[in-house]
Asks: 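Pasting in a structure now, in structure tokens, and then I'll have a few things to ask.
Small disclaimer: the values here were computed from a predicted structure and weren't measured.
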Amino acid sequence: MDTVYEPLLEDRIEIGAPAARVWDLVGDVRRMPEWSPQVMSTRLRTGYERCELGAEFTSRNHEGELEWITHGKITRYDAERAVAFRIAENWVVWSFLLEPADGATVLTQRRETPEGISDLSLEWTDAFMGGQGAFTESLRAGMRQTLDRIKAAAEA
């Protein structure tokens, strides 16, 4: 079993738009299908009207022909600065961090594993996604694609 994974994946991009414009794109997790090549749909769970600290959501994801559902919870929500969410199934924390830079914004996307990755997620990645190394490369490519899509939308 190839259970070695990287505890932190990170990529960043400079966007020729102010943080408020970038925040409009990344501050609502329901927009993730517009940016991430892995996310097919995201909806807030019953009882949540908007994205805010503590809001829970469900996402439908895919890698190739494999599809799965995840359940997330927003763990950080600082308008025009940062949004982060933890995925219940694998314990991973995803975040977007915004840093103003002379009329532009540096946007950083991170995937962190402060609690490790669940055994179930490790097993499924090894069994169905080509192992940790292959999946990590797919995640890196997806992060780059996500940031490029957000940049294109913000600068349009």
Asks: Measuring from atom CG of L147 to atom CZ of F96, what distance do you get when rounded to the nearest 0.5 angstrom?
Replies: 6.5 Å
Asks: Which side-chain N or O atoms in residues 37-44 pair as donor and acceptor under 3.5 Å with protein atoms at least two apart or in another chain?
Replies:
unit_1: T42; atom_1: OG1; unit_2: S59; atom_2: OG; d: 2.9

Asks: Hey, what do you get for NZ (K73) to CG (L53), rounding to the nearest 0.5 Å?
Replies: 8.0 Å
Asks: Ignoring hydrogens and angles, write down the donor-acceptor pairs under 3.5 Å from the side chains of residues 99-109, residues two or more places apart or on other chains.
Replies:
unit_1: T105; atom_1: OG1; unit_2: A17; atom_2: O; d: 2.7
unit_1: T105; atom_1: OG1; unit_2: A19; atom_2: N; d: 2.9

Asks: Please tell me if the side chains of H71 and I87 come closer than 4.5 Å, counting only heavy atoms from C-beta onward.
Replies: no
Asks: If you define the side chain from C-beta out and look only at heavy atoms, does anything of N61 sit under 4.5 Å from I69?
Replies: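 Side chain of N61 against side chain of I69, heavy atoms only: no contact under 4.5 Å found.
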Asks: Could you grab the distance from atom CG of D78 to atom CZ of R76, nearest 0.5 Å is fine?
Replies: 4.5 Å
Asks: Please enumerate all residues that pass salt bridge (Lys or Arg N to Asp or Glu O under 4.0 Å) together with E67, with sequence neighbours excluded.
Replies: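 E67: salt bridge (Lys or Arg N to Asp or Glu O under 4.0 Å) contacts with R60.
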Asks: When rounded to the nearest 0.5 angstrom, what is the spacing between CD in E123 and CG in D126?
Replies: 8.5 Å
Asks: If we ignore hydrogens and angles and just use 3.5 Å, is the side chain of S121 paired with the main-chain N or O of I117 as donor and acceptor?
Replies: no
Asks: Mind listing the closest non-hydrogen atom pair of V93 and A84 along with its distance?
Replies: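 Nearest heavy atoms, V93 then A84: CG1-CB, 4.3 Å.
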Asks: Who passes salt bridge (Lys or Arg N to Asp or Glu O under 4.0 Å) against E155, sequence neighbours left out?
Replies: K151
Asks: Output every pair passing ring pair (Phe, Tyr, Trp, His ring centres under 6.0 Å) with a member in residues 130-156, not counting sequence neighbours, ordered by first then second residue.
Replies: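 Listed once each, the pairs would be none.
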Asks: How many angstroms lie between atom CG of L122 and atom OH of Y5, to the nearest 0.5 angstrom?
Replies: 6.5 Å
Asks: Is it true that a side-chain atom of Y77 and a backbone atom of G27 form a donor plus acceptor pair closer than 3.5 Å?
Replies: yes
Asks: Output all residues satisfying side chain to side chain donor-acceptor pair (under 3.5 Å) with E14, sequence neighbours left out; order by chain, then residue number.
Replies: none
Asks: Less than 4.5 Å apart, side chain to side chain, heavy atoms only: is that true for E63 and S138?
Replies: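 A side-chain contact under 4.5 Å exists here.
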Asks: Without swapping roles, check the side chain of S36 against the backbone of M32 for a donor-acceptor pair under 3.5 Å.
Replies: no
Asks: For P7, check side-chain contact (heavy atoms from CB on, under 4.5 Å) against everything at least two apart and list the hits.
Replies: T113
Asks: Linking I/L/V/M/F/W/Y whenever any side-chain heavy atoms sit under 4.5 Å apart, do M129 and V92 land together?
Replies: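 Same cluster.
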Asks: Sequence neighbours left out, what pairs pass salt bridge (charged side-chain N to carboxylate O under 4.0 Å, His left out) with at least one residue falling in residues 104-114?
Replies: E10-R110
Asks: Applying the 4.5 Å side-chain criterion to the ILVMFWY set and letting contacts propagate, would L9 and F85 be lumped into a single cluster?
Replies: yes
Asks: What about V83 and W35, same hydrophobic cluster or not, with Ile/Leu/Val/Met/Phe/Trp/Tyr joined at side-chain heavy-atom distances under 4.5 Å?
Replies: yes
Asks: Just to verify, what does R81 make a salt bridge (Lys or Arg N to Asp or Glu O under 4.0 Å) with, not counting sequence neighbours?
Replies: none
Asks: Mind checking side-chain contact (heavy atoms from CB on, under 4.5 Å) for D148 and listing every partner two or more places apart, or none if nothing turns up?
Replies: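 Applying side-chain contact (heavy atoms from CB on, under 4.5 Å) to D148 gives I13, R144.
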Asks: Suppose the criterion is salt bridge (charged side-chain N to carboxylate O under 4.0 Å, His left out): which pairs have a residue in residues 82-93, not counting sequence neighbours?
Replies: R86-E115
Asks: If I take atom CH2 from residue W94 and atom CG from residue L139, how far apart are they, to the nearest 0.5 angstrom?
Replies: 5.0 Å
Asks: Please identify each residue that fulfils salt bridge (Lys or Arg N to Asp or Glu O under 4.0 Å) with R31, with sequence neighbours left out.
Replies: E34
Asks: Between R30 and C51, what is the shortest heavy-atom contact and its length?
Replies: NE-SG, 4.3 Å
Asks: Side-chain heavy atoms under 4.5 angstrom apart, residues restricted to Ile, Leu, Val, Met, Phe, Trp, Tyr: same cluster for M143 and L8?
Replies: no
